[in-house]
Amino acid sequence: MKLREDILQVVTKQANEIRLLNQRLQIAYEELDAFSYTVSHDLRTPLSSIRCYSEILLEEYGESFNPDAQALFQKIIDSTERMRSLIRHILYYSRMGRTDLSTELVDMKPLLEGIREEILVTAKERSLQIEIGNTPPLSADPTMTLQLFTNLMGNAAKYTRLTLMPLYG
């Protein structure tokens with residue numbers, strides 16, 4: 001009888017500890033959701049301003065810009081769209097542990113080419129060359145795939161000493 005009471009006491013104590021940990025975890029999830037919403041909201045406003053002002057400048061004065069300046073303004077606009085997409089997914093990814101990923105077929109060639117173009121623009125002084133070979137499509141979450149390969153290629157470009165960085169799929 002005493003052994004049974006001791007076991008019940010230990011089990012009850014552990015159940016209470018688990019309940020407290022679950023409550024703390026729920027509070028942490030709620031705080032993460034609130035933080036993600038605040039960050040995504042606060043970042044969208046200045047990003048929208050950058051995009052709008054760039055579009056206005058390109059529309060109003062684009063004809064007087066040389067082709068390089070026009071291309072740079074278009075890159076700013078395209079980059080703000082990519083950033084907007086990432087911001088939109090902050091809240092989604094903060095809830096990822098509680099939801100399933102959405103996968104679709106991702107055409108890797110244009111995705112990698114876009115990343116390469118962005119890297120080469122920001123690393124002009126380094127004379128990098130990034131070659132993209134045959135790249136099969138991936139069944140993956142598009143935003144996570146973009147972020148993964150942006151980080152991989154960006155880090156490779158940032159930390160490489162070579163002037164040739166082949167990328168083969």
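None of the values given here were measured: they were computed from a predicted structure.
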Salt bridge check: are E118 and K75 linked by an N-O gap of less than 4.0 Å?
no
Is it true that D6 and K2 have a side-chain N and a carboxylate O under 4.0 angstrom from each other?
yes
When rounded to the nearest 0.5 angstrom, what is the spacing between [atom1] in [X] and [atom2] in [Y]?
X: Q9; Y: K13; atom1: CD; atom2: NZ; result: 8.5 Å
X: T12; Y: I7; atom1: OG1; atom2: CD1; result: 11.5 Å
X: I115; Y: T150; atom1: CD1; atom2: OG1; result: 3.5 Å
X: Y53; Y: F73; atom1: OH; atom2: CZ; result: 13.5 Å
X: L111; Y: M153; atom1: CG; atom2: CE; result: 8.5 Å
X: I18; Y: Q23; atom1: CD1; atom2: CD; result: 12.5 Å

Any heavy-atom pair between the side chains of [Y] and [X] that's under 4.5 Å?
X: L120; Y: L128; answer: yes
X: L148; Y: M144; answer: no
X: E104; Y: P142; answer: yes
X: P137; Y: D107; answer: no

Joint hydrophobic cluster, L146 plus L152, side-chain heavy atoms closer than 4.5 Å:
yes
Do N22 and R19 meet the criterion of a side-chain donor-acceptor pair at a distance under 3.5 Å?
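Note: N22 and R19 side chains miss the donor-acceptor criterion.
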Over all heavy atoms of both residues, which pair between [X] and [Y] is shortest? Give the atoms and the distance, please.
X: T145; Y: A140; value: OG1-CB, 3.1 Å
X: I77; Y: L58; value: CD1-CD2, 3.9 Å
X: I132; Y: K109; value: O-NZ, 3.4 Å
X: I119; Y: G154; value: CD1-N, 3.6 Å
X: F149; Y: M108; value: CE1-CE, 3.5 Å

Side chain to side chain contact (heavy atoms under 4.5 Å, CB included) evaluation trace for R82 with R84:
CA-CA 5 Å; R82 280 192 300 277; R84 204 166 72 172; over 6 Å; no
So for atom CD, which belongs to E63, do other residues, nucleotides or ligands contribute more than 12 heavy atoms lying within a distance under 6.0 Å?
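Count not over threshold, so no.
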Answer yes or no: are there more than 12 heavy-atom neighbours, outside F65 itself, under 6.0 Å from its atom CZ?
yes
Option from L57, I50, I56 for which side chain to side chain contact (heavy atoms under 4.5 Å, CB included) with S54 holds
I50
State whether the side chain of R116 and the backbone N or O of I130 hold a donor-acceptor pair below 3.5 Å, judged by distance alone.
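Checked: pair present.
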Given the rule in the side chain to side chain donor-acceptor pair (under 3.5 Å) test, do Q70 and N66 qualify, once you have shown the distances and angles that lead to the verdict?
CA-CA 6 Å; Q70 289 176 352; N66 66 38; over 6 Å; no
